[in-house]
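Below is one structure, written out as structure tokens; comments come after it.
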2 protein chains.
Amino acid sequence: MRLPVQRARQVCPVEVAVSVLGGAWKLTVVKHLFDGPRRFGELGRLVPRANRKTLTRQLRELEEDGVVARTVHEQVPPKVEYSLTELGRSLHPVVTAMDAWGEHFEARTASQRPA
Amino acid sequence: MRLPVQRARQVCPVEVAVSVLGGAWKLTVVKHLFDGPRRFGELGRLVPRANRKTLTRQLRELEEDGVVARTVHEQVPPKVEYSLTELGRSLHPVVTAMDAWGEHFEARTASQRPA
DNA sequence: CTGTATCCGCAGTGATACTG
DNA sequence: CAGTATCACTGCGGATACAG
């Protein structure tokens with residue numbers, strides 16, 4: 001397991017969750033995977049600000065932590081699909097709560113929005 | 001508002017929530033504040049791995065984002081209390097979900113625990 | 001199409017010492 | 001007690017080019 005996660009264990013369960021899910025775009029990816037399996041390129045389009053390397057790293061960490069499953073279809077051209085594991089699907093309440101709060105936060109600070 | 005939050009707005013509400021709450025020890029602090037107002041030193045003891053500088057920064061960001069309120073009591077010695085704002089209290093579902101998932105994750109990976 | 005390799009900047013985190 | 005100042009490090013996140 002990754003070191004930040006290990007450290008978080010010594011403090012609080014919420015900190016563990018943050019360590020596993022707090023990386024850039026991770027929860028966004030998980031959210032989209034609730035709509036069904038997605039290919040690498042699809043995720044890249046759904047999370048436009050994440051470049052390939054970063055997206056690959058986040059997916060590998062999510063895979064390492066048992067949240068997503070990676071399926072390679074032996075084809076030419078290659079096709080790789082990502083889907084949620086059972087542990088990943090158990091994130092549904094978290095994603096729902098975070099999504100709702102994010103919207104609430106945005107609405108509350110709408111006056112500070114630049115454009 | 002902080003830049004990471006601004007960037008997250010362009011992607012997804014869950015990413016906004018991660019940007020606001022994803023800092024080290026932030027959700028742990030919020031969780032403890034649900035038990036009532038806490039002084040700076042108390043929070044330092046409740047989150048043992050956070051040093052003063054880091055804890056100060058996280059609290060300032062949470063204050064800036066309207067999640068916590070900072071109350072200075074003009075005394076000698078000084079006394080500063082942190083409490084949740086209404087926006088902070090609206091985090092209750094998030095903290096509950098994250099805490100439960102963190103425990104679930106720990107239980108599931110207990111075999112990999114080092115000590 | 002789905003990656004990897006290389007290089008890089010810097011924000012986030014921290015240790016330590018000092019201050020009102 | 002509740003911070004701030006200073007210095008430093010690490011690794012995340014990213015740009016770009018290459019590969020199977």
Side-chain angles (χ1 to χ4, degrees), chain A residues 1-8 10-12 15 18-29 33 37-65 68-83, chain B residues 1-8 10-12 15 18-29 33 37-65 68-83:
Chain A
M1 189 183 309
R2 289 169 300 121
L3 283 179
V5 183
Q6 291 292 4
R7 172 196 277 167
Q10 301 162 11
V11 178
C12 188
E15 209 63 37
V18 168
S19 295
V20 175
L21 310 167
W25 327 124
K26 277 186 178 176
L27 261 191
T28 303
V29 165
L33 288 183
R38 289 284 178 266
R39 301 182 58 172
F40 182 81
E42 289 181 296
L43 292 174
R45 265 168 267 122
L46 290 168
V47 193
R49 306 193 72 100
N51 62 26
R52 277 177 309 233
K53 180 191 170 183
T54 300
L55 188 57
T56 300
R57 276 248 315 263
Q58 308 303 320
L59 285 168
R60 288 283 135 67
E61 288 188 3
L62 288 173
E63 185 186 3
E64 183 185 345
D65 290 330
V68 307
R70 181 169 172 269
T71 308
V72 180
H73 300 264
E74 295 293 345
Q75 303 177 356
V76 178
K79 175 179 176 180
V80 179
E81 275 192 331
Y82 294 89
S83 57
Chain B
M1 190 182 311
R2 288 170 299 122
L3 283 180
V5 183
Q6 291 292 4
R7 170 197 279 167
Q10 301 162 11
V11 178
C12 188
E15 211 61 38
V18 168
S19 296
V20 175
L21 310 168
W25 326 126
K26 277 186 178 177
L27 262 192
T28 302
V29 165
L33 288 183
R38 289 283 177 266
R39 302 180 59 170
F40 183 81
E42 290 182 294
L43 291 175
R45 264 168 267 123
L46 290 168
V47 192
R49 305 193 73 100
N51 61 28
R52 276 173 306 219
K53 180 190 170 182
T54 300
L55 188 56
T56 300
R57 284 228 3 209
Q58 308 304 318
L59 285 168
R60 289 288 137 76
E61 287 187 3
L62 288 173
E63 185 187 3
E64 183 185 346
D65 289 331
V68 307
R70 181 169 173 269
T71 307
V72 181
H73 300 264
E74 296 292 347
Q75 303 177 356
V76 177
K79 175 179 176 181
V80 179
E81 275 192 331
Y82 293 90
S83 58

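Lettering follows sequence order; numbering is per chain, from 1.
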Here the distance between atom C1' of C:dG20 and atom CD of B:Gln75, to the nearest Å, is 15 Å

Mind calculating the distance between CZ (B:Arg38) and P (D:dG3) to the nearest angstrom? 16 Å

Please tell me if B:Asn51 has a side-chain N or O lying less than 4.0 Å from either OP1 or OP2 of C:dG14. no

Looking only at side-chain N and O atoms, does A:Gln58 come under 4.0 Å of OP1 or OP2 in D:dG13? yes

Measure CG/A:Leu62 against P/D:dG13 and give the value in whole Å, please. 11 Å

Reckon B:Arg7 touches a base, only the sugar-phosphate, or nothing at all at heavy-atom distances under 4.0 Å? sugar-phosphate

Classify the nucleic acid contact of B:Gly44 as base, sugar-phosphate or nothing, counting any heavy atom under 4.0 Å across all strands shown. nothing

To the nearest Å, how far apart are A:Glu61 CD and D:dG13 C1'? 11 Å

For every nucleotide of nucleotides 2-10 of chain C, 5' to 3': is a protein heavy atom under 4.0 Å from its base (B), only from its sugar-phosphate (S), or from neither (-)? SBB-BB---

Shortest non-hydrogen separation from B:Leu21 to B:Lys26 and the atoms involved: O-CB, 3.7 Å

Using atom types as modelled and distance alone, determine if a side-chain donor or acceptor of B:Glu63 lies under 3.5 Å from a backbone N or O of B:Val68. no

Round to a whole Å and report the spacing from CZ of B:Arg49 to P of C:dT13. 14 Å

Considering non-hydrogen atoms only, spot the tightest contact between B:Glu81 and B:Lys79 and give its length. OE2-CE, 4.0 Å

Can you find a side chain N or O atom of B:Arg57 that sits less than 4.0 Å from OP1 or OP2 on C:dT13? no

Test your reading of the model: is there a side-chain donor-acceptor pair from A:Thr54 to the backbone of A:Ala50, 3.5 Å cut-off? no

If I take atom CG in residue B:Leu55 and atom P in nucleotide C:dG12, what distance separates them, rounded to the nearest angstrom? 16 Å

Are the charged groups of B:Arg49 and A:Glu15 less than 4.0 angstrom apart, N to O? no

Are B:Trp25 and C:dG14 close enough that a side-chain N or O sits under 4.0 Å from OP1 or OP2? yes

Please report the closest heavy-atom contact between B:Tyr82 and B:Leu33, naming both atoms and the distance. O-CD2, 3.4 Å

Is the shortest distance from a Lys or Arg side-chain nitrogen in B:Arg57 or B:Glu61 to a carboxylate oxygen in the other one below 4.0 Å? yes

